[in-house]
Structures are given as C-alpha cells and as structure tokens.
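Note sheet for the following structure.
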Amino acid sequence: MHNAGYVSYENKDGGWNSVVNRDAYTSFGGRSDRGKSAFFNDRGAGSRGRYERGGFGGGTGGNSRWVEESRDEEDWSKPLPPNERLEQELFSASNTGINFEKYDDIPVEATGTNSPGHIENFHDVDMGEIIMGNITLTRYTRPTPVQKYAIPIIKAKRDLMACAQTGSGKTAAFLLPVTQENGKYVRRKQFPISLVLAPTRELALQIYDEARKFSYRSRVRPCVVYGGADIGQQIRELERGCHLLVATPGRLVDMMERGKIGLDYCKYLVLDEADRMLDMGFEPQIRRIVEQDTMPPKGARQTMMFSATFPKEIQILARDFLEEYIFLAVGRVGSTSENITQKVVWVEENDKRSFLLDLLNATGKDSLTLVFVETKKGADSLEDFLYREGYACTSIHGDRSQRDREEALHQFRSGRCPIMVATAVAARGLDISNVKHVINFDLPSDIEEYVHRIGRTGRVGNLGLATSFYNDKNSNITKDLLDILVEAKQEVPSWLENLAYEHQHKSTNRGRPKRFSGGFGARDYRQMAGGGNVFANRGARNTGGHGGSRGFGGNKGYYGGNYGNYGGNYAQVDWWGN
DNA sequence: AAAAAAT
C-alpha cells in the first residue's frame, strides 16, 4: 500500500520472486530434520517457482535450494520511484534537534571472538542505495554509538546481545541491515525473512513505523501484528506480502496457529526489550516461537537481542538463542545520564494532586508532561481530576481499548493533549520527542521501572526533568533510588540519604549481588574471571544462591529443572506477593 | 496492593 511498486510486484509473476541474494537461503539446508518445509507443503495454486532438492550444484551443506528465476528482472537493491505523498507521511514529523555532542561521550564496549570494528560514519559500510537514501531522509547525519558498533556486527552476520537503553538508536541499528533483504513469495501464508518481537503493542507499532521509513522505495514490505486490534485487517495486510514482521508474542502465536505466518525462512530474529518481555511472562511464548516451531535453529538464523539489563534470565535466553555472540555494552543515553535533572520530593498521598497542579502550572504550555501512576484505576481517576481542573490531558493504560491507547498516544505526541497520565505500559521504549517533564506521581516499586520511566524525557541528548513524589509507601525503592541519583550526579535530599541508610540496616538486601558502576548497563559475564554469575548493573533480580563463578557455557546440567525459579535461597516473590 | 499480553 505504501509501496508504490508493490502491486506490479504481486501481479508480475503470480507470487514467486527472484531470489537475488541466493546466500540468504542456502543456510537452511541443514534443517531438514525439522520436517518438510511448510513452504513446500502449502504451495498455492498458480505458483510458478521451482523448489529442487539436491540440485543446483553442490554448495555448502545444503540439500535443497531455491532456484533463481532469471526471467524476473526485479532488482531489490535498486530504489523504486519516489512517492511524494508517502515521503511526506513518513519523514515529516520526526527528529528535532539531536544533540550529537552528548553522544560522543557515551562509552561502548564490544566483547566476543572476532568482533568486527566499529564505524564512524554510515558510509563506512555498504548499506546500499535505498537505505542510504532513507538515512538522508530521516536526517540521521551520524550514527549513534550503538549504531557505530551494532551495524558492522549485524552486517558481519554475527549474533548480538546488546545492553542498551532505548533512545540510543538501537531500533535503527537492527533495522538498517535487516531491511536490505529480498522478499519472495506472496500468498495466504507469509514467511517473513525478519522477525522483530516487542513487549508492548505501542512499541511494536513504533518499530513498524521506523521499518516503514527504512524500507521506503524498496520492495521490502514490513507488517505489524499485535493484540487488541482487528485481526482480519492484520491478516489482509499480511496477505499483501510480509518480509519484515514486527509483532507482540501473543498475537504472533495466534497468527502462527491460524497458519497465516510461517517462520521457516526467518533469517533475522530480533528480541527487543528482552528483559521486559521476561518480566511480563512472555518466556513460554517466546520459546514457543523461537524453539518449538519452524524457525531455523540458532546458527542458521541471525539473532539479535536487545535488553536494558543482563540478569541471569537473560543470560540463559542468550545461551539458548544466540550462537557465538558479540556482547555490546552501551553506556546509558538519556536515562540516568546528566541530561535529565532528577528531583525527588516528599509528598504525602493526600497532597499529591495539589502538588501536581503546582508543577503543571509551572510548566510551559507547549512542552509535554508525562505523569506515571502505579495502577490503572489511579490513571483513570487522575485523568478525570485533571480534566475537571481544566487541563488538556489524556491517559494510557492496559484496560483502555487499543484504539483509545493509540489515540491517546497520538494526542500526546501531537501536543493536542500535552499531559498524559500513564501506567507502566508507556514506561519502556516509547520514543516521544519533546517530553520535557516526567512526573512519578507514584514511584514504582522497581528501580528498573524508574530508570525506564524517566528515560521518556531527555531523549537523544535533549534536556529533561524528572520529578518523583516520595513518601512512606516508597521505602522499598529508597536505596536503589539513592544509588541512581548519586551515579547520575544529581542532588540528593538529605532525608533520602538518611532513609536509605536506615533501610539498608533493616533490610535483607545485604546479600544481593553487587552492582556495577561506570556507566555500562551490564557486563559480558563470559569475560569475568571464573566465567560467570554476573548480574546486570540494575534491576537484576536477586537470583542469588548459586555462589558465583561457575560458567554455564557447556554446563547445561547446572540449570537443569531450575527454570522459572532460578533456584537458590531467594524466594521469587515480588513486592506484591505474587 | 499491579502491569503487561491472544480471545
């Protein structure tokens, strides 16, 4: 639809398209143990391609190969004609004033065998005419630190575990190389070449929007599927062709079970916000998608995981999903860094509303303010209150309809409602430019959540403000909050310091693993002396009790039967008692 | 005492 050349592409050869980059498919030869290809079984009438077994001249290890359709003149590397209306739609309302100076201070560390060197410029690596054109249109003049490292790693076809905050340009980093692929077959069941999994619907949508930009004037068709929206419409979009699929796990599994999606030819797999996905209990669905279906095994596909933290659960996932991966640790951008001013104020529960009004009145009318609360009910009632007080506001939370959620986000982004009340659904990954102020009306119980929330402001080097209302109810986060403030060189109220000291002495927290400092989100545990048991800097749940230093590469028994509670002496019970 | 995600 957005792809001007698409219709002719679909009609031209009744479905089959040439596979220009033959190499893309040769690697699947080794997976014959997975049974007959669904591709092969489910051929629609009228398909004219040929699938040969053992033909096509030797090659490396494959016993089956796609046959190139030489009569087809399509060249996927050449841009389609421009489309002015679409170009306007995709590239107009984005990207205000990136502070590139801030970026250069961000430390990046790549570890792993034969890690490719980083680039300094987009031109340092061949990304093709189409992508380069779209980079120009998005006005990304220079790669961000994540992009400098991740792009060559992905181009070198290496698996990647990247610990990077959102707002660091990681979406572009994994989409740039991935959108260069050729697609092929169009019909009832789609076989995407790239799959991106995201934890929330809005994040999936946002990644999809980015993907549309990078695939502009190419034949690559991105699609998105997520819950809460009309599945019929999503299916119709899929049936028009899907080379790059962005999805939330539940809806994807649904689509797979309906036979609308096959992952047999998925060459690139991206897990975004992986720690968040595990927090939300997606692990079974993710394993279902990655391990229990027709997805090529690790090694045959290329897998990239992005995660703000690198706790044990993620290390296990990395071990299971990644092959000889490069570990990329990226210093924080726009989260706890110094471009966000963090304030913590003592506000009793009953005073919160009037205090909030004071803050809102002190904020300029044009700047966006994001107000976080802990509960969905709290979000509704606070929005009501603000509305009655005459503020243009909206709200987003998981009990609102998907339509309302997207509408709210749009109203907020566009500035029509410069105040948005939100629950955790909006805490991670969402890239909303121009959020000047994040207010933690209710502090979260988890410091990780705090870091993500305040990361909605101060995006890409801009300045931001984060104000948190603190009272007795927040004692559980005191120590971690203090650490964050100190690390980000923020002013610390003396009462907070005192409380943290007291709390430390009565809490059971003393045995928790020591966190790292120095600006990296996590360390590559493989590099540690003795090989392991390293937890992420922040937010790693205490998975303690293993006593450290046993590596887990090739030590599978170590985790045997221990999934889900991670053993040890720490009851996996959260603050709510779940 | 919760949020998120398939219906």
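This structure is a prediction, so every number in the text was calculated from the model and none was measured. Letters A, B, ... are given to chains in the order of the sequence lines, protein chains preceding strands, and every chain is numbered from 1.
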When you look at A/E497 and A/K479, which way does the salt bridge (charged side-chain N to carboxylate O under 4.0 Å, His left out) test go after all the steps? CA-CA 8 Å; A/E497 212 161 355; A/K479 177 67 171 72; over 6 Å; no
Round to the nearest Å and state the distance from [X] atom [atom1] to [N] atom [atom2].
X      : N     : atom1 : atom2 : value
A/R400 : B/dA5 : CZ    : P     : 14 Å
A/E273 : B/dA3 : CD    : P     : 20 Å
A/L205 : B/dA5 : CG    : P     : 12 Å
A/I396 : B/dA3 : CD1   : C1'   : 13 Å
A/D446 : B/dA2 : CG    : P     : 17 Å
A/D442 : B/dA3 : CG    : P     : 11 Å
A/H397 : B/dA3 : NE2   : C1'   : 11 Å
A/D399 : B/dA5 : CG    : P     : 10 Å

Please check the phosphate of B/dA2 (OP1 and OP2 only) for any side-chain N or O of A/T423 closer than 4.0 Å.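 The answer is no; no side-chain N or O of A/T423 sits under 4.0 Å from OP1 or OP2.
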Name all pairs fulfilling the ring-ring contact (aromatic ring centres under 6.0 Å, His included) condition that reach into residues 394-441 of chain A, sequence neighbours left out, sorted by first residue then second.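 For residues 394-441 of chain A, and leaving out neighbouring residues, the ring-ring contact (aromatic ring centres under 6.0 Å, His included) pairs sorted by first residue read A/F441-A/F469.
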Taking salt bridge (charged side-chain N to carboxylate O under 4.0 Å, His left out) as the definition, give me every residue that meets it alongside A/E406, ordered by chain and number, with sequence neighbours left out.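 Counting only residues at least two positions away or on another chain, A/E406 forms no salt bridge (charged side-chain N to carboxylate O under 4.0 Å, His left out).
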Identify whether the distance between the nearest side-chain nitrogen and carboxylate oxygen of A/E239 and A/R236 falls below 4.0 Å.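 The answer is no: the pair does not qualify as a salt bridge.
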Under 4.0 Å between any heavy atoms, over every strand shown, what does A/E257 touch: base, sugar-phosphate, or nothing? Just pick one.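 Since a base atom lies under 4.0 Å of A/E257, the category is base.
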